[in-house]
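Report on the following structure.
Within every chain, numbering begins at 1; the chains are lettered A, B, ... in the order of the sequence lines, protein sequences first and strands thereafter. None of the values given here were measured: they were computed from a predicted structure.
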2 protein chains.
Amino acid sequence: MAAKKQTTEVRQDEIARAALELVGTRGMKGLSMAAIARKVGIVPSAIYRHYRNKDDVVDAILDYLQRGLGGNVRTIAYLEGTALERLHFLLMKHIELIQQNKSIPVVVFSAEVYKGSPRRRVKLLGIIESYLAEIAAVVVQGQNEGAIRDELDPKTVAIMFMGLIQPSTILWHLSVGGYDVAKQAEAAWPVFRRAIEMDSSP
Amino acid sequence: MAAKKQTTEVRQDEIARAALELVGTRGMKGLSMAAIARKVGIVPSAIYRHYRNKDDVVDAILDYLQRGLGGNVRTIAYLEGTALERLHFLLMKHIELIQQNKSIPVVVFSAEVYKGSPRRRVKLLGIIESYLAEIAAVVVQGQNEGAIRDELDPKTVAIMFMGLIQPSTILWHLSVGGYDVAKQAEAAWPVFRRAIEMDSSP
DNA sequence: GCTCCATGTGAAGAAACATTCACATAGTTT
DNA sequence: AAACTATGTGAATGTTTCTTCACATGGAGC
């Protein structure tokens, strides 16, 4: 039962996807070269034709993540509308992303990914920091528009924004799909909006 | 180099503490029976005098966690003051707890703990759910006091409350202590408070 | 002081896993 | 069509880790 040969570009992508999915369903502990190979349809040793070792596969997962989150922010960068509208849109986009790719939160929140690997720790931190920076930039725009209160620290707001999604996703995983992440986010948004928006009454 | 003999009650506690600490510093991957034993000052096989197997040790970590969080909520249950004051106090208490015991977030957010063990998944979910329920109860009290807006769903608010802390703790771990969790929480609190409190102007 | 039981020790087994290597083969280039 | 190169395979190796077991020992109770 020989697998069909593929170029290394294709296989690298297949392997990274399979690895990401495995982490989502079985956690880092369940991420074995054997499991990845089985999912891709090749033999464990064949993985070494496309990645130097397991560490490189995990790095590929992070690259995948980076592209996903980065693409999200770029989407709203080119959007019309007020800053508050764009923040709301980003929230929905973010939820869409993690619902389509439920493994992402597991990777981001799992200490297993970075404990013991300073290089990966820095990499993951960079991914999150740059995401936060983009959110903070939108907040600043909102402040310039006069829609978001001036006295708020943009970074504080950005971190709070992340907090709108994080607990829900964890509860979603813990309850095996029992929580409606989108619903919770939709309910939380107007509350959050009220917290940051400028007083309408002068 | 024989270790001094201890009763099984003492050793069980020592082992659970050592395990919790190890998870915090090295992650679940670094939680080996050998590492636990070294930390306690006994030999790996001696652990089996006090726990049936490694799974039972991990369960003991969760029990430890449950007692910690439960104690926190019980503290504010007997507090004087308005609901908003008590929520603020709970926020600070929570931060104090996770700062003294930095391993807690790692355990709660690490999918490794519950992936592959439905029983542990349910257990962890129960711990978090009951914590959320206690927060929601305080929110309801606030609504009865006329301090928190009636139209808000208490559970939504409780989950948002969790979101005040979670992102900071993850950033704290990722930046190896670079983030000031307490500071971020103190900055976020007035924003959150503004979001949920009743309009002062009638 | 003696006995007995719970606790501690070291060696050994068994399973899982990452990684290497020699060999096979498909697909591309010449 | 022949040769070459990149990809796939299966076996083997070395390491790590959990777990068991026979034996040792300290201390509590008689």
Side-chain angles (χ1 to χ4, degrees), chain A residues 1-23 25-62 110-113 115-117 119-120, chain B residues 1-23 25-62 110-113 115-117 119-120:
Chain A
M1 33 147 104
K4 202 179 170 193
K5 283 192 179 179
Q6 296 289 341
T7 67
T8 200
E9 287 83 22
V10 172
R11 278 290 188 243
Q12 276 179 350
D13 195 61
E14 285 179 353
I15 291 168
R17 278 173 184 276
L20 179 62
E21 248 180 78
L22 271 171
V23 175
T25 54
R26 302 195 213 164
M28 274 286 156
K29 194 177 47 200
L31 186 72
S32 69
M33 297 302 257
I36 297 171
R38 207 176 314 125
K39 220 171 170 62
V40 174
I42 54 180
V43 106
S45 58
I47 296 178
Y48 292 83
R49 297 285 175 209
H50 312 290
Y51 288 99
R52 283 222 322 263
N53 48 37
K54 191 179 173 181
D55 261 22
D56 279 15
V57 176
V58 178
D59 280 346
I61 296 179
L62 287 189
S110 237
E112 310 312 300
V113 181
K115 292 276 181 192
S117 169
R119 187 179 42 82
R120 270 213 289 277
Chain B
M1 33 157 130
K4 202 179 172 191
K5 283 192 179 179
Q6 295 290 340
T7 68
T8 200
E9 287 83 21
V10 171
R11 275 284 131 93
Q12 276 178 352
D13 195 61
E14 285 179 354
I15 291 167
R17 278 174 183 275
L20 179 62
E21 247 180 80
L22 271 171
V23 175
T25 54
R26 301 195 214 165
M28 274 287 154
K29 196 177 44 198
L31 185 72
S32 68
M33 299 300 259
I36 297 171
R38 206 176 315 125
K39 220 170 169 65
V40 173
I42 55 180
V43 106
S45 59
I47 297 178
Y48 292 84
R49 298 284 175 211
H50 312 290
Y51 289 98
R52 282 222 323 266
N53 47 37
K54 192 180 172 180
D55 260 24
D56 279 16
V57 176
V58 177
D59 280 347
I61 296 180
L62 287 189
S110 236
E112 312 311 301
V113 182
K115 293 278 178 190
S117 168
R119 185 179 43 80
R120 269 211 292 275

In this structure, how many angstroms lie between the [atom2] atom of [N] and the [atom1] atom of [X], rounded?
X	N	atom1	atom2	result
B:Q6	C:dC5	CD	P	21 Å
A:E9	D:dA6	CD	P	12 Å
A:I42	C:dA26	CD1	C1'	15 Å
A:M33	C:dC17	CE	P	12 Å

Sorted by number, residues from residues 43-59 of chain A placing a heavy atom under 4.0 Å from DNA chain D are A:V43, A:S45, A:A46, A:R49, A:H50
If you look at every strand shown and take non-hydrogen atoms under 4.0 Å, does B:I36 touch a base, only sugar-phosphate, or nothing?
nothing
Which of C:dT7, C:dT9, D:dT9 is nearest the side chain of B:T8? It is C:dT7
Got a second to check how far [X]'s [atom1] is from [Y]'s [atom2], nearest 0.5 Å?
X	Y	atom1	atom2	value
B:Q6	B:H50	CD	NE2	9.0 Å
B:D13	B:T7	CG	OG1	10.0 Å
A:L62	A:L20	CG	CG	9.5 Å
B:R11	B:I42	CZ	CD1	5.5 Å

Mark yes or no for whether [X], through its side chain, and [Y], through its backbone, hold a donor-acceptor pair below 3.5 Å.
X	Y	value
B:S110	B:V113	no
A:N53	A:D56	yes
A:K39	A:R17	no
B:E112	B:K29	no

Kindly give the atom pairs (protein nitrogen or oxygen, nucleotide nitrogen or oxygen) under 3.5 Å for nucleotides 25-29 of chain D.
residue	atom	partner	partner atom	Å
D:dT25	O2	B:K5	NZ	2.5
D:dG26	N3	B:K5	NZ	3.2

